[in-house]
Structures are given as C-alpha cells and as structure tokens.
Amino acid sequence: MKQKRRITLRARLTLIYGGLFFAAGIVLLGVTHVLFAQQLDRGGDLSVHSESSSDASSGRDAPSDSLTWVADEQKRLHDAATASLITQGGIALTLVGGVAAGFGWLIAGRVLAPLHRVTDTARRIASAPAAGRGLHERIALDGRDDEVKDLADSFDLMVEQLDRSFDGQRRFVANASHELRTPLTVGRALVELAMHRTTASPDVKRLGEDLLAINDRHERLINGLLLLAGSENHVPERQSVDLADMVTHVTAQSTPEAEKAGITLYEEAGQAPTTGDALLLERIVQNLVENGIRHNSGDGGWVRVTSRTLEDGRAEVEVSNTGPEVPPYEVPTLFEPFRRLGTERLVTAKGAGLGLSIVRSVARAHGGNVTARPRPDGGLTVTVTLPHHGRFPPRG
C-alpha cells in the first residue's frame with residue numbers, strides 16, 4: 001500500500017505564518033486603497049469647487065467643457081493612482097511576504113529542533129535490536145525552561161524508569177537461573193552416586209533414572225532461561241555466517257530423534273548469508289527443528305527445514321511441520337515463555353516452553369523478525385528473516 005505523503009509541522013507553521021502575513025497585507029492594502037481613494041475624491045471636489053468659485057467671482061459662468069475636462073482628468077488620475085497603488089503594493093506585498101515566509105521557515109526550524117531531537121532519540125530506542133537495550137539513551141535537552149523542555153525531561157524520566165525495570169528483570173532471571181543450577185548439579189551427583197552403589201537395588205536404580213530425567217528437564221529449563229536472558233542483549237561482535245551450514249548441521253544432529261519419533265526430516269539448505277553470533281543463530285535453527293519434531297503428529301509426520309536468500313538480500317529460515325491444528329488466535333501466544341498450544345503451561349518431557357521465545361529473542365537481537373502461521377492440514381510454519389549479509393542492524 002502506497003504511503004500517503006504528509007505535510008510536516010514545520011511546513012504547516014510556515015504556511016500559517018505566510019498565510020496570516022498575506023491576509024494582513026491584503027487587508028492593509030485594501031484599507032490604504034479606500035483611504036487613498038477618499039483623499040483623491042476630496043481633492044478633486046475641492047479643485048472643481050475652487051474653479052467654479054473663481055469663475056463666479058469674475059462674473060463668468062463656468063463653461064461645461066472646462067468642468068468636463070477637469071472631471072475627466074480627475075478620473076484619469078484617480079484610475080492611474082489606484083492602479084499604481086494596487087500594482088506596486090501587490091508586488092511589494094509579494095516580495096515582503098516571500099521574505100517573511102522564508103524567515104518563518106527558519107524560525108519554525110529552530111523552534112522545532114528540540115522536538116526533532118526528542119523524535120530521533122525515541123526512534124533510536126524503538127529501533128534497538130533487543131527489548132530494553134536502547135533505554136540507556138537520554139535527550140538531556142538544554143536551553144530555556146519551556147514546554148518543549150518539560151516534554152524532554154518527562155521523556156527522560158520515563159525512559160530511566162523503564163531502563164531500571166528492564167535491568168532488574170534481566171538480573172533477576174539471570175541470578176535465579178544461576179542459583180538454581182547449583183542444587184541441580186548437587187542433586188544429580190547424589191542420585192548418580194546412589195545408583196552406582198553395588199548395593200543399589202533395581203528399584204533404586206529405576207527411581208534414580210526417573211530422578212535424572214526430571215533433573216535433566218529442569219536443567220534444560222534453566223539453560224533456556226539463561227539463553228533467553230542473554231539473547232536479549234545486543235550482539236556486539238558479528239561474523240559472516242551462512243544459515244545453510246547451520247541447517248545441514250542441525251538436521252544431521254536431529255535425525256536420530258526424528259527417526260525415533262517416526263518423523264521424516266527434510267532438508268533444503270539454500271545459501272542464506274548473514275551476519276551475527278554463530279552459536280545463537282544455530283540455536284534458532286535447533287529450537288525450530290526440535291519444536292517441529294516434539295510437537296508433531298507422530299508416525300508418518302514430517303518436518304521440512306529450508307534456508308534461502310530473498311530478493312532483497314535478506315536471509316531466511318523456514319521450518320514447517322505436521323501436527324495438531326493450531327487456531328490462528330493462538331499463534332501469538334506461542335512466542336511467550338512457558339506457553340504452548342492450549343492452556344498447558346507446565347514443563348513436560350516435550351520441553352520447557354521456551355523454544356519459540358528464545359527464537360524470537362535471538363532474532364530481534366540480530367535485527368531480524370519471526371513470523372508464524374498455521375498450516376491448513378495442521379502444524380505450523382515458522383519463518384525467521386535476518387538482515388542482508390554485510391548489513392548490521394541499528395545499534396541501540
């Protein structure tokens with residue numbers, strides 16, 4: 001859809017200034033014309049009256065031709081003066097009005113410069129590649145204390161509060177995840193020690209295997225939380241990578257799991273060069289493939305992994321899979337942490353519910369985006385689009 005061209009506030013203010021100036025000039029020119037015409041008419045009447053009086057005092061009747069000539073001369077002078085006034089006044093009004101509009105444009109630019117600064121700062125914060133990673137910026141507007149400075153100070157205060165909120169949230173997730181790792185490691189060691197004792201009974205070994213499986217799920221959950229918290233950071237160092245290599249590598253690693261579940265894994269690894277952190281980008285492909293395998297229809301199902309380069313040069317990875325029918329209104333919630341299809345929010349053997357959340361977070365940190373759409377026959381198609389090779393997302 002073609003974007004409608006808009007008129008800037010600076011242009012509108014200039015038009016208002018210029019319009020008011022021209023309107024005032026036209027009114028002034030009209031009033032001057034009326035007063036000037038009155039003076040001319042009064043001067044002509046006095047001239048005719050004077051000539052008539054002189055003729056009367058001399059005892060002669062004023063000839064009609066003389067009066068007619070005087071009247072004609074008066075009308076000619078009146079018309080010439082009026083035309084000259086309107087023409088010269090109109091030219092002067094146009095020139096002065098143009099100069100006034102130019103000064104209005106310059107003054108409007110100076111007045112609106114602080115607002116442009118506010119807008120540019122807000123855009124940089126909004127275009128930050130990860131949530132909350134541009135909130136360190138401040139406008140810090142100097143100058144006289146007026147409404148614009150109040151707006152800038154209020155904006156800085158709001159951004160500062162948001163920055164503290166985001167930092168606190170990330171620190172909480174990271175610290176909680178690190179603190180939870182220690183007891184899980186200790187618990188795994190104790191369970192393995194009990195299982196490998198020579199006096200351990202079969203029941204103890206079976207219980208130990210169940211406990212290790214639960215411990216492994218909890219470790220995956222914590223690792224996912226750590227990755228989710230870390231992937232929201234802006235990626236400081238990037239290197240050239242090809243998503244096709246990652247698709248090939250992840251597909252080869254996931255084939256045994258897919259075969260065990262009775263699912264066929266298809267690979268279409270086309271060249272898709274981009275820039276970013278190789279480990280995080282590989283995690284995108286890995287999470288999508290694992291999600292497609294674990295949330296599938298079972299025997300006879302399939303997962304198709306495709307990488308390609310779009311016409312505009314951007315790299316794209318698309319993962320489609322068979323599976324249960326996904327209502328369109330449920331798709332946005334699948335990218336929220338610990339959310340799956342339906343109302344289930346528990347950590348199960350299928351995963352921790354962080355796969356798509358991590359995918360979206362990593363993609364945003366690289367300046368990309370993620371979309372998902374349900375397939376008509378069931379299942380989901382998830383598409384990740386990343387910037388062109390050599391182009392870096394804007395820094396926050």
Side-chain angles (χ1 to χ4, degrees), residues 209-210 212-224 227-228 231 241-272 274 278-308 315-326 330-331 334-335 337-342 344 346-363 370-386:
E209 291 176 354
D210 294 337
L212 288 178
I214 296 174
N215 195 86
D216 183 63
R217 288 199 296 271
H218 290 167
E219 287 181 352
R220 290 202 305 270
L221 171 61
I222 294 174
N223 290 334
L227 182 59
L228 182 60
S231 61
V241 295
D242 192 344
L243 298 180
D245 299 332
M246 299 177 180
V247 168
T248 302
H249 177 69
V250 172
T251 303
Q253 283 188 331
S254 304
T255 297
E257 180 182 357
E259 292 177 348
K260 184 177 180 181
I263 296 170
T264 305
L265 196 57
Y266 299 100
E267 170 196 335
E268 298 178 8
Q271 288 187 348
T274 186
L279 293 178
L280 289 178
L281 293 178
E282 181 181 344
R283 189 58 183 262
I284 286 181
V285 182
Q286 182 178 354
N287 280 15
L288 291 179
V289 173
E290 289 179 353
N291 188 76
I293 294 174
R294 294 172 182 175
H295 302 279
N296 212 300
S297 54
D299 291 337
W302 52 264
V303 175
R304 178 174 285 103
V305 189
T306 306
S307 61
R308 64 175 72 92
E316 183 178 87
V317 173
E318 183 178 271
V319 178
S320 302
N321 65 278
T322 54
E325 184 177 352
V326 181
E330 288 277 5
V331 172
L334 297 178
F335 290 95
F338 308 109
R339 287 298 299 269
R340 297 183 194 83
L341 184 61
E344 181 189 5
L346 300 176
V347 178
T348 65
K350 287 188 175 182
L354 294 173
L356 293 181
S357 301
I358 294 173
V359 169
R360 182 178 62 177
S361 180
V362 173
V370 184
T371 59
R373 64 181 187 276
R375 297 182 62 257
D377 299 331
L380 202 64
T381 297
V382 183
T383 304
V384 179
T385 307
L386 297 172

For Leu279 and Arg283: C-alpha separation, side-chain torsions, deciding distance, then whether side chain to side chain contact (heavy atoms under 4.5 Å, CB included) applies. CA-CA 6 Å; Leu279 293 178; Arg283 189 58 183 262; over 6 Å; no
Contacts of type salt bridge (charged side-chain N to carboxylate O under 4.0 Å, His left out), residue Glu259, not counting sequence neighbours: none
Test Leu288 against every option in Val359, Val250, Val370 by the side chain to side chain contact (heavy atoms under 4.5 Å, CB included) rule and name the one that passes.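 Of all the options given, the one that passes is Val359.
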Checking Ala252 now: which residues fulfil side-chain contact (heavy atoms from CB on, under 4.5 Å) with it, not counting sequence neighbours?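 By the side-chain contact (heavy atoms from CB on, under 4.5 Å) rule, Ala252 matches no residue at all.
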Who passes side-chain contact (heavy atoms from CB on, under 4.5 Å) against Ile214, sequence neighbours left out? Arg217, His218
Taking all non-hydrogen atoms of both residues, which atom of [X] and which atom of [Y] are closest, and how far apart?
| X | Y | answer |
| --- | --- | --- |
| Ser297 | Thr322 | OG-OG1, 3.4 Å |
| Ile284 | Ala363 | CD1-N, 4.0 Å |
| Ile293 | Ala258 | CD1-CB, 3.9 Å |
| Ala278 | Val241 | CB-CG1, 3.9 Å |

With a 4.5 Å cut-off on side-chain heavy atoms, are [Y] and [X] touching?
| X | Y | value |
| --- | --- | --- |
| Val326 | Val331 | yes |
| Asp216 | Leu212 | no |
| Gln271 | Asp242 | yes |

In Å, rounded to the nearest 0.5 Å, how long is the span from [atom1] of [X] to [atom2] of [Y]?
| X | Y | atom1 | atom2 | value |
| --- | --- | --- | --- | --- |
| Leu356 | Ser361 | CG | OG | 12.5 Å |
| Asn291 | Leu334 | CG | CG | 8.0 Å |
| Ile263 | Thr255 | CD1 | OG1 | 11.5 Å |
| Glu316 | Ser307 | CD | OG | 9.5 Å |

So is Arg304 actually on top of Tyr266's ring, under 6.0 Å and inside 45° of the axis? yes
Show me the donor-acceptor pairs within less than 3.5 Å that the side chains of residues 372-386 make with the rest of the protein, sequence neighbours left out.
unit_1, atom_1, unit_2, atom_2, d
Arg375, NH1, Gly378, O, 2.8
Thr381, OG1, Ser320, OG, 3.1
Thr383, OG1, Glu318, OE1, 3.4

Which residues share a side-chain hydrogen bond (donor to acceptor under 3.5 Å, both in side chains) with Thr248, sequence neighbours left out: Glu267
Sequence-distant partners of Glu257, side-chain hydrogen bond (donor to acceptor under 3.5 Å, both in side chains), two or more places apart: Arg294
Any donor and acceptor pair, going by atom type alone, linking the side chain of Asn296 with main-chain N or O of Gly301 inside 3.5 Å?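 Between the backbone of Gly301 and the side chain of Asn296 there is no qualifying donor-acceptor contact (under 3.5 Å).
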Answer yes if the side chains of Glu282 and Gln286 hold a donor-acceptor pair under 3.5 Å, and no otherwise. no
